[in-house]
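Right, one structure below, let's go through it.
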Amino acid sequence: MNDPQNPALAGMMHRALAERVYNFSPGPAALPTEVLQQAAEEMLSWRGTGVSVMEMSHRSREFEGIQAEALADLRELLHIPKNFRILLLQGGAIGENGIVPLNLMRLRGAENPKADFVVTGTWSVKTEQEARRYGTVNIAASSADEKFVRIPDVAGWKLSDDAAYVHLCTNETIVGVEFQDIPDIGQGQGRVVVADASSHILSRPIDWSRVQVVYGGAQKNIGPAGVTIVIVREDLIGHAHPLCPSAFNWRLVAEHDSMYNTPPTYAIYIAGLVFKWLKRQGGVAAIEQRNIAKASALYDFLDQSAFYRNEIDPSCRSRMNVPFFLADESRNEAFLTQARANGLIQLKGHKAVGGMRASIYNAMSMDGVSALIDFMREFERTAG
Ligand SMILES: *Cc1c(COP(=O)(O)O)cnc(C)c1O
């Protein structure tokens, strides 16, 4: 981009870089600037091919290489065991709310399709409601009565013996609760756990002895919207309802190496660049340490303040999504306007919760979190 032959282009890139702000969007969310710069450099011609990745056949040797490398990097980053398949689908996590039941609810027989759901926030509510269309839904536990401020104690979960699987949303993006560990609920004895990990996948390691299906849309912590990642233990593939659309049938998708239909090629390419970036950061264990430091700094600041508050039980606060309220809600608009003027954007809370929310995914730097805390301290001071 610093091509002396093209000073206009170099100037444009320079300006755009200077314009970048700290983006606390819950999703689609901030991507590492390095990744976007590389994509810009490769936009018109990918590695001497004369075409953009967007313009390549998904069946070309080049694109097959891009996809295979992305999947290999993802497998390495998350230590995904050999007996798990990585599938790339479309339809997002909300699509999976139907796709998972269609593929898995008949696991223990077609007569009584059934699954257990642990309801810990807005997203798991949506998941269990969609699943009702496909079979029997057992709400094993719910924290709705407590406004989702904590994850129900596993000792009280009412799991059924004949359910195909137990569904968890391991990070509730809107309410801001996160499973710090997936509990042992008999996975070793054949219980299947399915996790919607959309908003924290790759932010921490995954214990594959505790979870058999992990899925997520890419636009929080992986890359652009459009690709959905499903990581599924092999023996759980092949149980789909006959009416499951072919493009969403895990067996067909697996048999065609995620090219049963045209995959979202550009989104996969960018996800691959993000995986390389993560490896340069030291991998998932290293990024987890940074995520802990970022989240601790922000929660510690909230907890010492009487001006701001977070209402989530400290044992299950999300490292990725930090909702908070101003004690004086009449200042909300001023807070958001001044934050924006300070280069801190997308801090408004979800309408279901209100207040504010800072989403601090892998791509958010400690500098960004520190800038937010500095701004909040100054806003509190000048609010009198
Ligand atoms: C964002 C999100 C979804 C919805 O994802 P779509 O890509 O819009 O389908 C579902 N679950 C969780 C946990 C999310 O964060």
Side-chain angles (χ1 to χ4, degrees), residues 23-31 87-104 115 117-133 137 142-144 148 151 165-180 182 193-204 206 211 213-232 245 247-248 263-264 266-268 270-271 274 291 295 312 316-323 346-353 357-364:
N23 177 8
F24 296 91
S25 169
L31 289 168
L87 310 179
L88 304 176
L89 282 87
Q90 300 182 59
I94 292 180
E96 289 303 314
N97 285 345
I99 294 167
V100 172
L102 277 167
N103 278 278
L104 211 53
F117 293 79
V118 177
V119 176
T120 51
T122 323
W123 286 116
S124 41
V125 167
K126 249 198 156 77
T127 302
E128 65 87 356
Q129 288 185 348
E130 179 81 358
R132 285 167 195 260
R133 306 176 61 198
V137 162
S142 169
S143 51
F148 302 122
I151 292 167
Y165 60 90
V166 183
H167 184 278
L168 314 174
C169 176
T170 43
N171 185 62
E172 288 277 2
T173 323
I174 293 175
V175 302
V177 302
E178 179 173 15
F179 281 81
Q180 302 305 320
I182 297 180
V193 171
V194 178
D196 175 357
S198 293
S199 49
H200 74 161
I201 188 168
L202 287 166
S203 71
R204 60 197 300 154
I206 294 177
V211 63
V213 182
V214 169
Y215 67 86
Q219 71 272 21
K220 313 302 176 32
N221 219 5
I222 293 177
V227 59
T228 314
I229 293 179
V230 180
I231 307 167
V232 49
F248 297 146
Y266 199 75
I268 292 167
I270 299 283
V274 172
N291 288 331
I312 304 303
C316 47
R317 284 171 163 177
S318 170
R319 292 176 187 163
M320 299 281 101
N321 308 97
V322 183
Q346 296 274 6
L347 286 162
K348 191 175 170 134
H350 189 277
K351 60 183 185 306
V353 173
R357 171 176 47 165
S359 294
I360 51 175
Y361 300 118
N362 286 350
M364 176 58 64

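In listed order, ligands and their atoms are each counted from 1.
Applying the side-chain contact (heavy atoms from CB on, under 4.5 Å) rule to Val353 yields the partners Ile174, Val175, Phe325; only residues at least two apart in sequence or on another chain are considered. With sequence neighbours left out, the salt bridge (charged side-chain N to carboxylate O under 4.0 Å, His left out) criterion links Glu96 to no other residue.
Side chains of Asn291 and Tyr361: a donor-acceptor N/O pair is absent below 3.5 angstrom, by distance only.
Residue pairs meeting the salt bridge (Lys or Arg N to Asp or Glu O under 4.0 Å) criterion with at least one partner in residues 194-204, sequence neighbours excluded, are Glu178-Arg204.
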Which is it for His200 and Ser318 under the side-chain hydrogen bond (donor to acceptor under 3.5 Å, both in side chains) test, yes or no, and what are the steps along the way? CA-CA 9 Å; His200 74 161; Ser318 170; over 6 Å; no
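A salt bridge does not link Glu130 with Lys126: every distance from a Lys NZ or Arg NE/NH1/NH2 to an Asp or Glu carboxylate oxygen is 4.0 Å or more.
Sorted by chain and number, the heavy-atom contacts of ligand 1 below 4.0 Å come from Gly92, Ala93, Ile94, Trp123, Cys169, Asn171, Thr173, Asp196, Ser198, Ser199, Gln219, Lys220.
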